Amino acid sequence: MTRERSSERTAERPVALVTGVGRTRGIGAAVALRLAGAGWDVAFTHWAPYDARMPWGAEPGAAERIGAALAERGAAHLALEADLADPEVPDRVVERVSAELGAPAALVLCHCESVDTPLLDTGVESFDRHFAVNARASWLLVRAFARAFTAPRGSGRIVALTSDHTVGNLPYGASKAALDRIVVAAREPAHLGVSANAVNPGPVDTGWMTPELKRETAGYTPLGRTGTPEDTADLVEFLCSPRGGWVNGQLLHSDGGISAPS
């Protein structure tokens, strides 16, 4: 885990930790930028080796470009390269963020391991890695966040991105189902007054969709378009704001109507 960039805090702003911010077109980047614009300082994690083995490939310099965009929005920021499959990394991440920006008041889990394999073809190593990254690391991050939390009661937020895509994508979908339960369990430290919610954004075009898939998914929504990272960022920013504090322990579908009964 290495530090990519840090800037001095210029004002007293709450700190958000956003995971999975490795690509400028990704949901994590959109969330980080939206929170920065809403008055948050932002720490974010990324892991280039994951992107490198995905069809879209790694994006060299993405962390620096995202950091510069955060600075333009007035946010102090910290970029951390973090392999969340390592069970020791979540505690280290929260410790670094707390030491360099301040204890986070919001934790937004956008990271994932996602390799499409059906039930009969999924290997044990892939299955275990999905649960290590999507479920175990999320639990460890939530635990570290709660232990470090010092913000005023009622101001803390946990938001996790989830999915119900399981058929043909067994290890991803199963590990995200575990994540849903972890987020509900995150209501346990009620004495902190932290709200915890999961958001299912449905299929979002972050550069991986083919033109055919974009047309197909657009046909399922009343607005006739696919989801964008900014759509998800809109909801996450609301949940992290004072206006969103009453929403708690929920699984929210923000997918343009794809999951609505037909």
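Small disclaimer: the values here were computed from a predicted structure and weren't measured. No hydrogens, no waters, no symmetry mates; every other heavy atom, side chains included, goes into these values.
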Look only at the side chain of Arg65 and the backbone of Pro60, and say whether a donor-acceptor pair between them is shorter than 3.5 Å. yes
With Phe44 as partner, the option from Leu70, Val97, Val31 fulfilling side-chain contact (heavy atoms from CB on, under 4.5 Å) is Leu70
Just jot down the side chain to side chain contact (heavy atoms under 4.5 Å, CB included) partners of Gln250, sequence neighbours excluded, or say none. Asn197, Val247, Leu252
ILVMFWY network linking Leu235 to Leu33, side-chain heavy atoms under 4.5 angstrom: yes
Donor-acceptor pair, His46 side chain versus Ala79 backbone, under 3.5 Å? no
Quick one: does Asp51's side chain have a donor or acceptor within less than 3.5 Å of a partner on Gly57's backbone? no
In terms of heavy-atom contacts, does CD of Glu230 have more than 12 from other residues, nucleotides or ligands at under 6.0 Å? yes
Any donor-acceptor pair under 3.5 Å from Arg157 side chain to Leu239 backbone: yes
Just by modelled atom types, is the Glu88 backbone N or O under 3.5 Å from a matching donor or acceptor in the Asp91 side chain? no
Transitively linked via ILVMFWY side-chain contacts under 4.5 Å: Leu213 with Trp56? yes
Can you tell me if Thr221 uses its side chain to pair, donor with acceptor, with the backbone of Arg225 under 3.5 Å? yes
Could you check Glu59 against Thr24 for side chain to side chain donor-acceptor pair (under 3.5 Å), going step by step and ending with a plain yes or no? CA-CA 8 Å; Glu59 183 183 345; Thr24 54; 2.7 Å; yes
Check for a donor-acceptor pair, side chain of Tyr172 on one end and backbone N or O of Asn134 on the other, with a separation under 3.5 Å. no
For the CD atom on Glu212, are there more than 12 heavy atoms of other groups (residues, nucleotides or ligands in this structure) within a distance under 6.0 Å? yes
Would a single hydrophobic cluster contain both Val42 and Leu161, if residues Ile, Leu, Val, Met, Phe, Trp and Tyr are joined by side-chain heavy-atom contacts under 4.5 Å? yes
Under the side-chain contact (heavy atoms from CB on, under 4.5 Å) test against Val108, which residue among Leu35, Thr19, Ile158 passes? Leu35
Check whether Val133 and Trp47 end up in the same hydrophobic cluster, where Ile, Leu, Val, Met, Phe, Trp and Tyr are linked by side-chain heavy atoms less than 4.5 Å apart. no
